[in-house]
**Student:** 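One structure, pasted below without further comment.
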Amino acid sequence: MQKHTVLICTMLALQWDSLAHAQANKEAVRVEIVATASEYVPRSTTVAHPGHAYTNCAGSTSYFGRFSNYGDSGTVSGTAETDTHCSTTLSPPTETTLTTYRRMNYTIAKSDKALYLLSCTQTWKPTAKERVLLGVMGSAEAGSGEKSGNSDKIAANAKGKWSECPAFGIGVQYTLTVRNTSDARLESGLGEKPIKLEYLSSVTLPVQTSQPERPSRAQAVGPIGEARVHITSNPSGGEIYIDGKFFGNAPSDLTLALGEPVVKVTLGGKEWSRRVQITTGEIRLNAELAEP
């Protein structure tokens with residue numbers, strides 16, 4: 001599934017120039033989630049610190065004089081010696097590079113006529129305590145006029161959590177409304193608040209010739225049931241995997257087919273895994289990942 005997702009994302013990206021603006025401001029269309037993927041995108045910031053050079057000189061001068069008398073007249077002669085020492089101190093210029101990461105969660109939705117590439121960007125948010133500490137360090141460096149780099153180190157190691165992004169199950173259906181290139185709304189039709197995502201691009205699907213439908217074995221048995229599964233984690237933000245496939249971050253509401261899938265939640269090297277029997281109705285799961 002990961003390889004197929006990357007292939008579809010690449011295909012949609014190549015169609016960006018010709019189709020991105022054409023799909024904006026369209027009427028709502030019925031879509032189905034067909035693939036999800038995520039990646040970490042680095043962003044580097046370089047701060048230049050100017051160098052300094054100064055020269056310090058110190059010295060002394062000594063005088064020696066003689067007076068010669070010849071009757072009513074005389075002469076004065078003298079010498080002077082100067083000893084001067086100078087030293088130069090050089091501080092070379094330096095640069096500090098700080099790299100931060102954003103997590104991009106991609107969602108591919110399919111309608112009868114097109115594929116849509118949507119995304120949600122997760123950013124790292126330091127805790128309130130870390131933000132106060134960063135503010136104090138920044139004020140101290142601004143007051144002194146020197147950049148020590150301590151605030152950059154604190155920012156790089158700050159404690160916090162990722163901002164939340166919605167999770168989507170493969171096969172779940174929504175109504176998609178694209179307002180502009182950064183505003184796409186998915187509505188489930190269950191009275192919930194529309195989910196806002198970033199609209200990246202779309203590609204038109206080829207027109208298929210009509211063929212008589214052949215009833216499959218699955219259709220003969222009847223539609224497979226679904227259940228609503230609410231998954232949370234402690235701490236919040238755990239990565240949810242259903243039978244090895246990534247479904248987003250906790251807390252999330254997922255629509256899963258009936259069965260006994262393996263639900264796994266990971267966070268910071270810790271893992272919670274259970275085989276869960278999915279039956280009709282609503283199911284709530286909480287993955288305990290906190291230190292005992």
**Student:** For Arg185 and Leu197: C-alpha separation, side-chain torsions, deciding distance, then whether side chain to side chain contact (heavy atoms under 4.5 Å, CB included) applies.
**Tutor:** CA-CA 6 Å; Arg185 305 293 176 95; Leu197 297 175; over 6 Å; no
**Student:** Do Pro166 and Leu186 have side-chain heavy atoms sitting under 4.5 Å apart?
**Tutor:**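 SC-SC contact between Pro166 and Leu186 ruled out.
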**Student:** Check side chain to side chain contact (heavy atoms under 4.5 Å, CB included) between Pro235 and all other residues, then give those that pass, not counting sequence neighbours.
**Tutor:**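 If we apply the side chain to side chain contact (heavy atoms under 4.5 Å, CB included) test to Pro235, skipping adjacent residues, the hits are Leu267, Leu289, Ala290.
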**Student:** Going by heavy atoms in the side chains, are Ile33 and Ile108 under 4.5 Å from each other?
**Tutor:**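 No - every pair of side-chain heavy atoms lies 4.5 Å or more apart.
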**Student:** Got a sec, which residues hit side chain to side chain donor-acceptor pair (under 3.5 Å) with Asp83, two or more places apart in sequence or on another chain?
**Tutor:**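 Only His85 meet the side chain to side chain donor-acceptor pair (under 3.5 Å) criterion with Asp83.
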**Student:** Starting from Leu285, can I reach Tyr241 by hopping between I/L/V/M/F/W/Y residues whose side chains sit under 4.5 Å apart?
**Tutor:**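 No, separate clusters.
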**Student:** Working to the nearest 0.5 angstrom, can you tell me the gap between Thr107 OG1 and Ile170 CD1?
**Tutor:**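 That separation rounds to 8.5 Å.
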**Student:** I need the full list of side-chain hydrogen bond (donor to acceptor under 3.5 Å, both in side chains) pairs touching residues 258-273, with sequence neighbours left out, sorted by first then second residue.
**Tutor:**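 Qualifying pairs: Lys270-Glu291.
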**Student:** Given the rule in the side chain to side chain contact (heavy atoms under 4.5 Å, CB included) test, do Ile242 and Val262 qualify, once you have shown the distances and angles that lead to the verdict?
**Tutor:** CA-CA 6 Å; Ile242 308 297; Val262 175; over 6 Å; no
**Student:** Looking only at heavy atoms, which two atoms of Pro92 and Leu90 are closest? And how far apart?
**Tutor:**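 Reported closest heavy-atom pair: CD-O, 3.8 Å.
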**Student:** When you compare the side chain of Glu164 with that of Gln122, does any pair of heavy atoms fall below 4.5 Å?
**Tutor:**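 Contact flag for Gln122/Glu164 side chains = no.
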**Student:** Restricting to non-hydrogen atoms, name the atom on Thr177 and the atom on Ala28 that form the minimum distance, rounded to 0.1 Å.
**Tutor:**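 For Thr177 versus Ala28, the nearest heavy atoms are OG1-CB, 3.3 Å.
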**Student:** Can you confirm whether Ile231 sits close enough to Phe247 that some side-chain heavy atom of one is under 4.5 Å from a side-chain heavy atom of the other?
**Tutor:**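 A side-chain contact under 4.5 Å is absent here.
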**Student:** Does the side chain of Thr121 come under 3.5 Å of the side chain of Glu198 through a donor N or O and an acceptor N or O?
**Tutor:**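 A donor-acceptor contact under 3.5 Å links the two side chains.
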**Student:** Once side chain to side chain contact (heavy atoms under 4.5 Å, CB included) is applied, do any residues pair with Thr88, and if so which ones, sequence neighbours excluded?
**Tutor:**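 Only Thr55 meet the side chain to side chain contact (heavy atoms under 4.5 Å, CB included) criterion with Thr88.
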**Student:** Side chains of Leu176 and Tyr116: does their closest heavy-atom pair fall under 4.5 Å?
**Tutor:**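 Heavy-atom side-chain distance check passes, below 4.5 Å.
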**Student:** Applying side chain to side chain contact (heavy atoms under 4.5 Å, CB included), name anything that partners Asn56, two or more places apart in sequence or on another chain.
**Tutor:**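 Scan of Asn56 (side chain to side chain contact (heavy atoms under 4.5 Å, CB included), adjacent residues dropped) gives Ser87.
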**Student:** Please walk me through it: do Leu118 and Tyr199 pass side chain to side chain contact (heavy atoms under 4.5 Å, CB included)?
**Tutor:** CA-CA 5 Å; Leu118 313 173; Tyr199 169 68; 4.0 Å; yes
**Student:** Between Ile278 and Pro261, is there a side-chain heavy-atom distance shorter than 4.5 Å?
**Tutor:**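 Sidechains of Ile278 and Pro261: in contact.
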**Student:** Mind checking what makes salt bridge (Lys or Arg N to Asp or Glu O under 4.0 Å) contact with Asp243, not counting sequence neighbours?
**Tutor:**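 Scan of Asp243 (salt bridge (Lys or Arg N to Asp or Glu O under 4.0 Å), adjacent residues dropped) gives none.
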**Student:** For Ser233 versus Gly238, what's the shortest heavy-atom pair and its separation?
**Tutor:**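 Looking at all heavy atoms of both residues, the shortest contact is OG-N, 3.2 Å.
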**Student:** Any side-chain heavy atom of Asn105 within less than 4.5 Å of one from Phe246?
**Tutor:**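 Side chain of Asn105 against side chain of Phe246, heavy atoms only: contact under 4.5 Å found.
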**Student:** Among residues at least two apart in sequence or on other chains, which ones pass side chain to side chain contact (heavy atoms under 4.5 Å, CB included) with Arg30?
**Tutor:**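 Gln173, Thr175.
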**Student:** Enumerate, atom names and distances included, each donor-acceptor pair closer than 3.5 Å involving a side-chain atom of residues 251-259, sequence neighbours excluded.
**Tutor:**
residue : atom : partner : partner atom : Å
Ser252  : OG   : Asn249  : O            : 2.5
Asp253  : OD1  : His230  : ND1          : 2.5
Thr255  : OG1  : Arg228  : NH1          : 3.1

**Student:** Is there any salt bridge (Lys or Arg N to Asp or Glu O under 4.0 Å) pair reaching into residues 231-242, and which pairs are they, with sequence neighbours excluded?
**Tutor:**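 Salt bridge (Lys or Arg N to Asp or Glu O under 4.0 Å) check on residues 231-242 returns Arg103-Glu239.
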**Student:** Under a 4.5 Å cut-off applied to non-hydrogen side-chain atoms, are Tyr106 and Glu39 in contact?
**Tutor:**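 Sidechains of Glu39 and Tyr106: in contact.
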**Student:** Which pairs pass disulfide bond (SG atoms under 2.5 Å apart) with one or both residues in residues 164-207, sequence neighbours excluded?
**Tutor:**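 Found Cys120-Cys165.
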**Student:** Mind checking side chain to side chain donor-acceptor pair (under 3.5 Å) for Glu282 and listing every partner two or more places apart, or none if nothing turns up?
**Tutor:**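 Counting only residues at least two positions away or on another chain, Glu282 forms a side chain to side chain donor-acceptor pair (under 3.5 Å) with Arg284.
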**Student:** Any disulfide bond (SG atoms under 2.5 Å apart) pairs touching residues 225-272, not counting sequence neighbours?
**Tutor:**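 The answer is none; no pair qualifies.
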